[in-house]
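Values in this document were obtained by computation on a predicted structure and should not be read as measured data.
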Amino acid sequence: MRHFTGVILLGLLFCWSALAAAESLPPTGGLTPEMLGVVINDADPNSVEVGQYYIEARHIPAENVVHVDIPGKPHKISGEQFAALKAAVEGSLGPDVQAVVLVWTAPYAVECNSITSALTMGFDPAQCRNTCAVGRPSPYFNSKSRRPYSDYRMRISMLLPTESVSEAKALIRRGVISGFRQEPASAYLLITGDKARNSRARFFPRPMLIRNAELTIKPMRANSIEGKKDVMFYLTGLPVVPGLKTLEFLPGALADHLTSFGGDLLGQRQMSSLR
């Protein structure tokens, strides 16, 4: 279960390096519509509605849309079921597609792997023997590649939850807006009193202002923040994060709490990442 957030955390490690080096990097583009695949579950009406909305909002080519059938919204699927899903995705997408977005809330696990890490790096049954053990190394870690599939045969995958159609559409609109405006923002990187969930604090960059992004990096010792209206990054390590409703997350913001079960999206053991 700890590895449900594996791909997200891998991306966050890139963020530390990217933020620290941003002032010296030349301007670079992100994903284009031709580089992104969209996977829709035809057995889930919310997936179909939100998926179509995403396709139109992001101008995704029709040939980059994959339709699958996963009935019943299971929280997790077996390795055999995942093999069929992965074959359908890989068999439908061309070589220029570098990343995929799965448009549903569940399934979000393949046995003990997150569905996103399994799709990106391959299902790892060995992880189920000890979910706290070190996983497979990623060739994409610390890479400068902008084309992970072309260079490493890895399609970075993301999950777009659809429990609420209105909230999912609002998320998509915020993503579109984030590409067209820039305003002063802050990255709040919290060093909490929770030792077990504070292990990544040593990777946090130093305090700085990245002028060309109007972004202030603010590592701080605190268990939470409240009342901030300029949040672009909020990274903490607590089983439950208080004060979220007092914060204003800017379009395109990234937020993460490091827990064992945050990726158990519909579970009850700790705060779900859906929060």
Between [atom1] on residue [X] and [atom2] on residue [Y], distance to nearest 0.5 Å:
| X | Y | atom1 | atom2 | value |
| --- | --- | --- | --- | --- |
| Ser199 | Leu258 | OG | CG | 5.5 Å |
| Leu235 | Leu189 | CG | CG | 5.5 Å |
| Ser164 | Asn46 | OG | CG | 8.0 Å |
| Ser138 | Met154 | OG | CE | 3.5 Å |
| Glu80 | Leu85 | CD | CG | 13.5 Å |
| Ser273 | Tyr108 | OG | OH | 10.5 Å |

Evaluate the side-chain proximity of [Y] to [X]: yes if any heavy-atom separation is below 4.5 Å, no if none is.
| X | Y | value |
| --- | --- | --- |
| Trp104 | Val39 | yes |
| Val50 | Ile172 | yes |
| Lys218 | Phe233 | no |
| Val231 | Glu248 | no |
| Met232 | Ser186 | no |
| Ile70 | Asp44 | no |
| Ile115 | Leu119 | no |
| His257 | Arg197 | no |

I need the minimum non-hydrogen distance between [X] and [Y], along with the two atoms involved.
| X | Y | answer |
| --- | --- | --- |
| Ile217 | Arg206 | CG2-O, 3.7 Å |
| Gln270 | Phe261 | OE1-N, 3.1 Å |
| Val68 | Ala88 | CG1-CB, 4.3 Å |
| Leu247 | Gly227 | CD2-N, 3.7 Å |
| Leu159 | Leu265 | CD2-CD1, 3.7 Å |
| Ser117 | Ser114 | OG-OG, 2.6 Å |

For the side chain of [X] and the backbone of [Y], is there at least one donor-acceptor N/O pair under 3.5 Å apart?
| X | Y | result |
| --- | --- | --- |
| Glu111 | Lys76 | no |
| Asn223 | Gly193 | yes |
| Glu34 | Pro61 | no |
| Gln98 | Met35 | no |
| Thr236 | Leu190 | no |
| Arg155 | Gly37 | no |
| Arg136 | Phe123 | yes |
| Asp69 | Asp42 | no |
| Thr105 | Thr162 | yes |

With no hydrogens and no angle check, do the side chains of [X] and [Y] hold a donor and an acceptor under 3.5 Å apart?
| X | Y | answer |
| --- | --- | --- |
| Ser157 | Thr120 | yes |
| Asn41 | Ser47 | no |
| Ser143 | Tyr152 | yes |

Can [Y] be reached from [X] by stepping across I, L, V, M, F, W or Y side chains whose heavy atoms are under 4.5 Å apart?
| X | Y | answer |
| --- | --- | --- |
| Met208 | Ile191 | yes |
| Val66 | Val97 | yes |
| Leu238 | Phe204 | no |
| Leu160 | Val48 | yes |
| Tyr234 | Leu209 | no |

- [ ] Can you establish whether the number of heavy atoms outside Lys169 located under 6.0 Å from its atom NZ is more than 12?
- [x]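 Yes, because the 6.0 Å sphere around NZ of Lys169 holds more than 12 heavy atoms from other groups.
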Task: Within 45° cone of Tyr149 ring axis and under 6.0 Å: Arg147 NZ or CZ - done: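 Verdict for Tyr149: no cation-pi partner in Arg147.
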Open item on the list: Set out, in order, the CA-CA distance, both residues' side-chain angles and the distance that settles side-chain contact (heavy atoms from CB on, under 4.5 Å) for Asn113 and Phe82, then state yes or no.
Closed with: CA-CA 11 Å; Asn113 292 201; Phe82 172 73; over 6 Å; no
Task: SB check Glu90 Arg153 (cutoff 4.0 Å) - done: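 Salt bridge: no.
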Open item on the list: Let's go through Asp256 and Arg200 carefully: what are the C-alpha distance in whole Å and the side-chain angles of both, what is the deciding distance for side-chain contact (heavy atoms from CB on, under 4.5 Å) to 0.1 Å, and is it a yes or a no?
Closed with: CA-CA 12 Å; Asp256 177 63; Arg200 63 182 174 184; 2.8 Å; yes
Open item on the list: Ile55 and side-chain contact (heavy atoms from CB on, under 4.5 Å): which single residue from Gln52, His59, Arg58 fits?
Closed with: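 Of the listed residues Gln52, His59, Arg58, the side-chain contact (heavy atoms from CB on, under 4.5 Å) partner of Ile55 is Gln52.
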Task: Qualifying residue, where the test is side-chain contact (heavy atoms from CB on, under 4.5 Å) with Tyr54 and the options are Ile40, Leu171, Leu36 - done: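 The single option meeting the side-chain contact (heavy atoms from CB on, under 4.5 Å) with Tyr54 is Leu36.
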